[in-house]
Colleague: 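Submitted below is the structure of interest, expressed as structure tokens.
A note on names: the letters A, B, ... follow the listed sequences, proteins ahead of strands, and every chain is numbered from 1.
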There are 2 protein chains.
Amino acid sequence: MATTFDVLAEPTRRRILDLLLERPRSVGELVDQLGLSQPGTSKHLRVLRDNGFVRVRQDAQRRWYELRPEPLEEIDAWLAPYRRLWASRLDALERHLDSMPDDDAG
Amino acid sequence: MATTFDVLAEPTRRRILDLLLERPRSVGELVDQLGLSQPGTSKHLRVLRDNGFVRVRQDAQRRWYELRPEPLEEIDAWLAPYRRLWASRLDALERHLDSMPDDDAG
DNA sequence: CTTGAATATAACCGATAGGTAATATAACTG
DNA sequence: CAGTTATATTACCTATCGGTTATATTCAAG
């Protein structure tokens, strides 16, 4: 099976996640939004399901897909040790901005 | 060219990033650590370079590879809108823990 | 129990990625 | 400049992935 990163490497799958971030959607709705064939869409949804990115609720013939946070949290955790690479820079920027006189009309 | 996620989808490349997080390394050092052929290693380094994950310093015949933060920051930024999916849960946990009596001997 | 709607699965195909072995390039060493 | 070391590039092979079309499944409606 694929890793979390493999799943996210696919642009269409990232678009699906974007769409599901707004609200749960049926397959047909996703097909329309993506401009991809129904089987193609279902295939991506299968990958997302198998890897825990989404879950499905069935409602008659419709399947409602919705986001699950776990795999994205995993990415967030993976990033953690790398954050020190830029965290200090951000801190410096923040201190700099804090030290500036308030002048909204830039 | 590949996207940031494509680059990270490759396990060997993630291992390289891990190794470079500790300190800059020469190609030979990476070859040893990865147990991969030299050309294979160079190929991955090329991808990492082309996508801004690493930069190279030359020192005679040796090339020292070191991390660059930008692409990882990009991932961090990509994650931002999704964080609300679990941020509230973490907040709740935090509030819960804060409300507990201090009792280190759990 | 047939029909139609919504979705999933299967079979197939072409492009791409990652691995290896072979070769090229570049720089120091004498 | 010949030899050696360190790395990059090329050529090639195989496996996998994403797309499509065709088909199966499931459920509601009549």
Colleague: Between A:Y82 and A:W86, is the gap from one ring center to the other below 6.0 Å?
Modeller: no

Colleague: Not counting sequence neighbours, which residues clear ring pair (Phe, Tyr, Trp, His ring centres under 6.0 Å) with A:Y65? List them please.
Modeller: none

Colleague: Which pairs count as salt bridge (charged side-chain N to carboxylate O under 4.0 Å, His left out) when at least one residue sits in residues 43-52 of chain A, sequence neighbours excluded?
Modeller: A:R46-A:D50

Colleague: Sorted by first residue and then second, give each side-chain hydrogen bond (donor to acceptor under 3.5 Å, both in side chains) pair with at least one member in residues 31-40 of chain A; sequence neighbours left out.
Modeller: A:Q38-A:S42

Colleague: Determine, using the 4.5 Å side-chain heavy-atom cutoff (strictly less than), whether A:L34 and A:W64 are members of one ILVMFWY cluster.
Modeller: no

Colleague: Of all nucleotides in DNA chain C with an atom under 4.0 Å from a non-hydrogen atom of chain B, which is the first and which the last going 5' to 3'?
Modeller: C:dG18 to C:dC28

Colleague: Could you list all the salt bridge (charged side-chain N to carboxylate O under 4.0 Å, His left out) pairs where at least one residue sits in residues 78-87 of chain B, not counting sequence neighbours?
Modeller: A:D76-B:R83, B:D76-B:R83

Colleague: Taking side chain to side chain donor-acceptor pair (under 3.5 Å) as the test, write out the residues that go with A:Q61, two or more places apart.
Modeller: none

Colleague: Name the pairs: protein N/O against N/O of nucleotides 14-23 of chain D, kept only if under 3.5 Å.
Modeller:
unit_1: D:dG18; atom_1: OP1; unit_2: A:R13; atom_2: NH2; d: 3.0
unit_1: D:dG19; atom_1: OP2; unit_2: A:H44; atom_2: NE2; d: 2.4
unit_1: D:dG19; atom_1: N7; unit_2: A:K43; atom_2: NZ; d: 3.1
unit_1: D:dG19; atom_1: O6; unit_2: A:K43; atom_2: NZ; d: 2.3
unit_1: D:dT20; atom_1: OP2; unit_2: A:S37; atom_2: OG; d: 2.9

Colleague: Taking only N/O atoms, report every protein-nucleotides 24-30 of chain D pair under 3.5 Å with atom names and distance.
Modeller:
unit_1: D:dC27; atom_1: O2; unit_2: A:Q61; atom_2: NE2; d: 3.3

Colleague: Which residues satisfy the side chain to side chain donor-acceptor pair (under 3.5 Å) test with A:R23, sequence neighbours excluded?
Modeller: A:E29

Colleague: On DNA chain C, does the nearest nucleotide to A:R62 precede the nearest nucleotide to A:R49 from the 5' side, or the other way round? Give the residue.
Modeller: A:R62

Colleague: Can you name the side chain to side chain donor-acceptor pair (under 3.5 Å) partners of B:T3, sequence neighbours left out?
Modeller: B:D6

Colleague: For a 4.5 angstrom cut-off between non-hydrogen side-chain atoms, does A:V31 reach A:L36?
Modeller: no

Colleague: Once you round to the nearest 0.5 Å, how far does CG of A:L19 lie from CZ of A:R14?
Modeller: 13.0 Å

Colleague: Test of understanding: with salt bridge (charged side-chain N to carboxylate O under 4.0 Å, His left out), list the residues that count as partners of A:R55, not counting sequence neighbours.
Modeller: A:E66

Colleague: Please work out which residues in residues 21-29 of chain B have a non-hydrogen atom less than 4.0 Å from an atom of DNA chain C and list them by number.
Modeller: none

